[in-house]
Every structure is written in structure tokens, then in C-alpha cells.
Amino acid sequence: MSTYLEFILGFLFNLLFALVVVRFIYYPMTHNKPYVFTFLAFNTVIYFVLSFIYSLEISVGVGFGLFAIFSILRYRTDPIPIREMTYLFVIAALPVMNSAGVKAGIWIELLIANLAIALILFVLEKEWGFHFEASKRITYERIDLIKPENYQLLINDLQERTGLTIKSAVVGKINFLRDTAEVKIIYENGHENAWLHTMEREVVYTTTSSDDD
């Protein structure tokens, strides 16, 4: 196989599985377009960088070095959630694995490895045999319900307002000046709650009232 053909096939092979992971596994669950751009850009650039480095040992080191740098930076203006960090690791590791495998000519092993990764991510996202929980911090204004004796009333009110199946709630900082409290809710993370992963700002639940003139 010529060098040019190997380069093109390797790129298309890597891009195909990156698209499978991002477009057909990650995106349907979160609908988070900015991370789709980030994942595919990372994957493509890392693959090309590694493809132009001829030493296998150096290429692997550079690949994981690039991921380590961005992991430390964590896009400091916008911290990445652990779920997206996991996908970022997968997307950064794929071109490292694929570029090394293409150079070594182990196409069958590469196909099996990529299929296994995609299958595991798909199974985890579909929650087959697994039960996931997630948490959110909210600013809560019904300060009368944060008392220990009103815990069940607090849970019921939060469930009614959010529509989530809340397992527990933990009261954090209390602001008596504004009559608000910071509450961390732990809820069942089903497919119907995927929209919550795209929220970048703190959730605030308040009661609307009109002021008398």
C-alpha cells in the first residue's frame, strides 16, 4: 500500500469512528453542539500531528502530551464537566491509537479496538444494566422548607418545580439577607434529563410576585 493511500485511509478510518462516537453516541444524549466542534477538531488535529511524526514512540508521547496539556488547562474560562472530559480523553486517544496502528499495518486489530470502544460507550449511554445519578446546585428561595423537619416537603416542592425524580437534597450556604439557600439536588439521570447537561449557568427557582404601587 502506498504512503499516500495509507495516509488517506488512516484519516478516513479515524474520522469515521470519531463521528460515530460524537455524532451518534454523545450528541443524541446531550445536544451540546460546542463540544461536538471541540471533539472533532481535537481528533482531527491530533491525528494529523501524529501522522507527520515518523517515530512511533515519539508520536505516542506527543499525543498523550497534547491531551495532558489541555487537561491541565481545562479551558480555564469554562471548566469542562467530567462527562465531557471523559469523551475528550477518548477522542484524543483514538487518533493516537489509530495513527500508530496504521503505521504498523494492524488494520484488523484497529477495527476491533475502535468497535469495542464505540460499543462500550453506546451501552453506557443507553444505561443497559446501569443506574446513573446526577447532581445540580440551585438557588432556592423557600427558606422555610430548609428546616430538617420540612425535608420531605422540600423534596416534594423541588420535584414539582423541576419535574425530576429527586433522590436527595443537601442544603449548603444560607443567605438570610435575601432569604435564599444553595441546595444541591441528586436526581435520576435518565434520557429525558439530557437537556440539563447543556445548561451553563446556575439554575435558580424563585416565586414571582407583584409589587403593590
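The shown structure was predicted, so the numbers you read here are calculated from the model rather than taken from an experiment. Sequential numbering from 1 along the given sequence is applied to the chain's residues.
For E84 and Y26, the side-chain atoms include at least one donor-acceptor pair closer than 3.5 Å.
A salt bridge between E141 and R161 is present, with a side-chain N of the basic residue lying under 4.0 Å from a carboxylate O of the acidic one.
Across all non-hydrogen atoms, the minimal contact from G10 to V102 is CA-CG2, 3.8 Å. The heavy-atom pair separating Q159 from I166 by the smallest distance is OE1-N, 3.1 Å.
Side-chain atoms of E182 do not come within 3.5 Å of backbone N or O of K173 as any donor-acceptor pair. Of the possible donor and acceptor atoms, none in the side chain of T180 sits under 3.5 Å from a partner among the backbone N and O of F176. Remark: side-chain polar atoms of T44 are not paired, donor with acceptor, to backbone N or O of A41 under 3.5 angstrom.
Hydrophobic cluster membership of I108, counting Ile, Leu, Val, Met, Phe, Trp and Tyr whose side-chain heavy atoms lie under 4.5 Å apart directly or via other members: I112.
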Identify each donor-acceptor pair in which a side-chain atom of residues 143-155 lies under 3.5 Å from a protein atom, sequence neighbours left out, and give them as a table.
from : atom 1 : to   : atom 2 : distance (Å)
N150 : ND2    : D144 : O      : 2.9
Y151 : OH     : A169 : N      : 3.2
Q152 : NE2    : N156 : OD1    : 3.0

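By the ring pair (Phe, Tyr, Trp, His ring centres under 6.0 Å) test, F24 pairs with no residue at all, sequence neighbours left out. Under the rule for a ring pair (Phe, Tyr, Trp, His ring centres under 6.0 Å), the partners of F17 that lie at least two apart in sequence or sit in another chain are F13. Annotation: side-chain hydrogen bond (donor to acceptor under 3.5 Å, both in side chains) contacts of N43 (sequence neighbours excluded): N14. Here F37 pairs with nothing under the ring pair (Phe, Tyr, Trp, His ring centres under 6.0 Å) rule; sequence neighbours left out. Not counting sequence neighbours, Y47 has no partner by the side-chain hydrogen bond (donor to acceptor under 3.5 Å, both in side chains) test. For I106, the side chain to side chain contact (heavy atoms under 4.5 Å, CB included) partners are A104, E109, not counting sequence neighbours.
Ring-centre distance between F48 and F11: below the 6.0 Å cut-off.
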